[in-house]
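One structure is given below, encoded as structure tokens.
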Number of protein chains: 2
Amino acid sequence: MSDSTELFAPHNHSLCINTALTTASQLCAERGVQLTAIRQQVLELIWADHHAVKAYDLLERIKPLQSAAKPATIYRALDFLREQGFIHRVESLNAFVGCNDLKSAHEQLLLICKRCENVEERHADSVMQALAQELALAGFTAHHQAIEIHGICATCTQSNNTPSLN
Amino acid sequence: MSDSTELFAPHNHSLCINTALTTASQLCAERGVQLTAIRQQVLELIWADHHAVKAYDLLERIKPLQSAAKPATIYRALDFLREQGFIHRVESLNAFVGCNDLKSAHEQLLLICKRCENVEERHADSVMQALAQELALAGFTAHHQAIEIHGICATCTQSNNTPSLN
DNA sequence: GTTGATTTGTTACAATATAACATCTCAATT
DNA sequence: AATTGAGATGTTATATTGTAACAAATCAAC
């Protein structure tokens with residue numbers, strides 16, 4: 001576990017990642033789809049911390065495990081994980097992050113810290129309700145959405161000690 | 001003016017684009033920055049309709065006017081126009097759209113129609129207020145944001161006649 | 001008209017993503 | 001056990017999007 005992960009939110013990240021993986025596994029079983037080795041490895045790599053991960057970084061990281069891995073290997077796994085709702089694409093970063101609410105149907109707010117680079121998926125019913133009203137007013141039927149906020153997270157605001165950034 | 005533009009919202013698009021260009025010109029004068037020929041041409045091309053335009057499409061379209069144009073030509077102009085707040089990047093499309101509120105400080109909702117491909121920038125104080133509250137609650141300091149909603153716009157919902165796509 | 005800052009030209013390349021087709025795997029059926 | 005068919009992966013090639021770095025030109029201010 002990296003320092004920056006600990007800054008993000010004091011939490012047991014082993015538990016965090018285990019929950020994500022076992023839930024994903026259960027859901028795949030229920031849905032009759034295969035969580036293959038590659039797909040599970042990509043999901044684990046994405047959940048390694050709370051940063052958004054780039055596809056080609058995943059490619060490098062999976063090569064020790066899958067020496068034949070090519071871009072298509074990663075993008076296929078990412079497509080699968082997105083279809084199953086296990087990960088989100090962070091559009092404004094061209095990167096991917098684990099979804100921490102596998103029950104809820106659609107994406108919530110993504111709070112992206114410029115300092116520690118953690119991405120927090122946050123529920124915000126008030127925002128979603130206001131948004132739904134606004135869309136109704138506009139006569140717009142939403143299919144999917146991306147709400148991405150860039151800034152400085154609470155932890156980084158409080159602690160000015162340098163987080164372990166690149 | 002394309003059919004799909006007319007579907008978007010019955011409006012005088014010449015007026016629409018003229019307003020955008022003259023306002024941009026005024027703001028540049030006020031700010032002491034140069035709206036050069038290239039920058040103005042790119043802005044005009046972006047305002048040609050209400051679609052989000054891709055950088056390399058802009059490059060093709062500007063070549064008759066700027067035969068020496070290269071990718072950097074476009075990206076520099078786009079950078080300038082974004083810094084000045086004249087255009088937005090649509091993160092989920094890797095594309096760019098004119099900003100129709102040059103006074104307001106930051107980006108509002110972008111409603112992106114999958115059918116006619118128009119992008120409507122919409123103000124939604126209720127959403128922004130709810131968002132501000134939510135961010136305050138999270139202790140998150142926002143620097144910039146992207147709120148992009150994909151779906152079907154009111155006009156396309158009402159009229160099922162095929163819009164002039166692609 | 002010289003100077004300094006800004007803008008543009010130009011070449012090369014990095015980073016992100018997909019298409020297309022071959023091969024493999026594995027379970028269900030014959 | 002062999003066949004088959006669907007899904008997954010291997011593989012090559014290429015498309016798309018974006019940036020770095022440095023040279024040349026332009027333009028405003030002095």
Side-chain angles (χ1 to χ4, degrees), chain A residues 24-25 27-43 45-46 51-84 86-97 117 146 148 166, chain B residues 24-25 28-43 45-46 51-84 86-97 146 148 166:
Chain A
S25 179
L27 287 173
C28 283
E30 287 175 18
R31 294 170 186 172
V33 296
Q34 305 173 46
L35 189 60
T36 63
I38 291 177
R39 290 167 178 176
Q40 178 163 347
Q41 286 160 4
V42 170
L43 186 56
L45 289 171
I46 289 176
H51 294 185
V53 196
K54 296 192 156 265
Y56 277 72
D57 288 342
L58 288 169
L59 179 54
E60 290 314 305
R61 291 178 201 170
I62 210 176
K63 274 184 177 165
L65 304 168
Q66 300 285 341
S67 56
K70 301 274 185 311
T73 314
I74 298 298
Y75 282 105
R76 283 169 182 157
L78 291 172
D79 286 346
F80 172 84
L81 296 171
R82 283 211 281 163
E83 281 162 12
Q84 299 301 321
F86 300 160
I87 63 172
H88 296 301
R89 183 168 201 276
V90 186
E91 303 289 351
S92 49
L93 294 177
N94 295 339
F96 302 86
V97 73
E117 296 186 352
E148 303 179 1
N166 322 326
Chain B
S25 180
C28 283
E30 288 175 17
R31 294 170 186 173
V33 296
Q34 305 173 46
L35 189 60
T36 63
I38 290 177
R39 290 166 178 176
Q40 178 162 347
Q41 286 159 5
V42 170
L43 186 55
L45 288 170
I46 289 176
H51 294 185
V53 195
K54 297 191 156 263
Y56 278 72
D57 288 342
L58 287 170
L59 179 55
E60 289 315 305
R61 290 178 201 171
I62 210 177
K63 274 185 178 165
L65 305 167
Q66 300 286 342
S67 57
K70 301 273 184 313
T73 314
I74 297 298
Y75 283 105
R76 283 169 181 157
L78 291 171
D79 286 346
F80 172 85
L81 296 170
R82 283 210 281 166
E83 281 163 11
Q84 299 303 320
F86 300 159
I87 63 171
H88 295 301
R89 183 170 200 276
V90 186
E91 303 290 351
S92 50
L93 295 177
N94 296 339
F96 302 85
V97 71
E148 303 178 0
N166 324 323

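Below, read A as the first sequence line, B as the second, and so on, with proteins coming before strands; counting in each chain starts at 1.
Using a 4.0 Å cutoff on non-hydrogen atoms, the parts of residues 34-41 of chain B near DNA chain C are B/Gln34, B/Thr36, B/Ile38, B/Arg39, ordered by number.
Residue B/Lys54 has its side chain nearest to D/dT17 when only D/dT17, D/dG10, C/dG9 are considered.
Partners of A/Lys63 by salt bridge (charged side-chain N to carboxylate O under 4.0 Å, His left out), not counting sequence neighbours, listed by chain and number: A/Glu60. In terms of the side-chain hydrogen bond (donor to acceptor under 3.5 Å, both in side chains) criterion, residue partners of A/Ser92 (sequence neighbours excluded) are, by chain and number, A/Glu148, A/His150.
Atom CG of A/Leu45 is separated from atom CG of A/Asp57 by 10.5 Å, given to the nearest 0.5 angstrom.
Each of B/Ala55 and A/Val33 has a nearest nucleotide on DNA chain D; the 5'-most of these lies closest to A/Val33. Mapping B/Gln66 and B/Asn94 onto DNA chain C via the closest heavy atom, the residue that lands nearer the 5' end is B/Gln66.
Spacing between atom CG of A/Leu78 and atom P of D/dA8 amounts to 15 Å, rounded to whole angstrom units. Atom-to-atom, CG of A/Leu93 to P of D/dT17 comes out at 18 Å; the value is rounded to the nearest Å. Distance, A/Leu65 CG to D/dT9 P: 14 Å, rounded to whole Å. Atom C1' of nucleotide D/dG7 and atom CZ of A/Arg31 are separated by 18 Å, given to the nearest angstrom. The nearest whole Å value for the distance from the NZ atom in B/Lys70 to the P atom in D/dT17 is 19 Å. If you measure from atom CG of A/Leu59 to atom C1' of D/dG10, you get 13 Å, rounded to the nearest angstrom. Computed from coordinates, the A/Leu58 CG to C/dT16 P distance equals 11 Å when rounded to whole Å.
In terms of heavy-atom proximity, B/Ala52 sits nearest to B/Val90 at CB-CG2, 4.0 Å.
Using a 4.5 Å heavy-atom cutoff, the side chains of A/Lys54 and A/Asn94 are in contact.
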Under 3.5 Å, sequence neighbours excluded: what are the donor-acceptor pairs made by side chains of residues 73-82 of chain B?
unit_1: B/Thr73; atom_1: OG1; unit_2: B/Lys70; atom_2: N; d: 2.8
unit_1: B/Thr73; atom_1: OG1; unit_2: B/Lys70; atom_2: O; d: 3.1

Residues 28-43 of chain A, side-chain donor-acceptor partners within the protein, below 3.5 Å, at least two apart:
unit_1: A/Arg31; atom_1: NH1; unit_2: A/Gln84; atom_2: O; d: 2.9
unit_1: A/Arg31; atom_1: NH1; unit_2: A/Gln84; atom_2: OE1; d: 2.9
unit_1: A/Thr36; atom_1: OG1; unit_2: A/Arg39; atom_2: N; d: 3.4
unit_1: A/Arg39; atom_1: NH1; unit_2: A/Gln34; atom_2: O; d: 2.7
unit_1: A/Gln40; atom_1: NE2; unit_2: A/Glu44; atom_2: OE2; d: 3.4
unit_1: A/Gln41; atom_1: OE1; unit_2: A/Gln66; atom_2: NE2; d: 3.0

Inset, instruction - Let me have a per-nucleotide readout for nucleotides 18-28 of chain C, 5' to 3', with B, S or -, counting only protein heavy atoms under 4.0 Å. - result: B-BB-------
Inset, instruction - Please lay out, stage by stage, how B/Val97 and B/Ile87 fare under the test side chain to side chain contact (heavy atoms under 4.5 Å, CB included). - result: CA-CA 6 Å; B/Val97 71; B/Ile87 63 171; over 6 Å; no
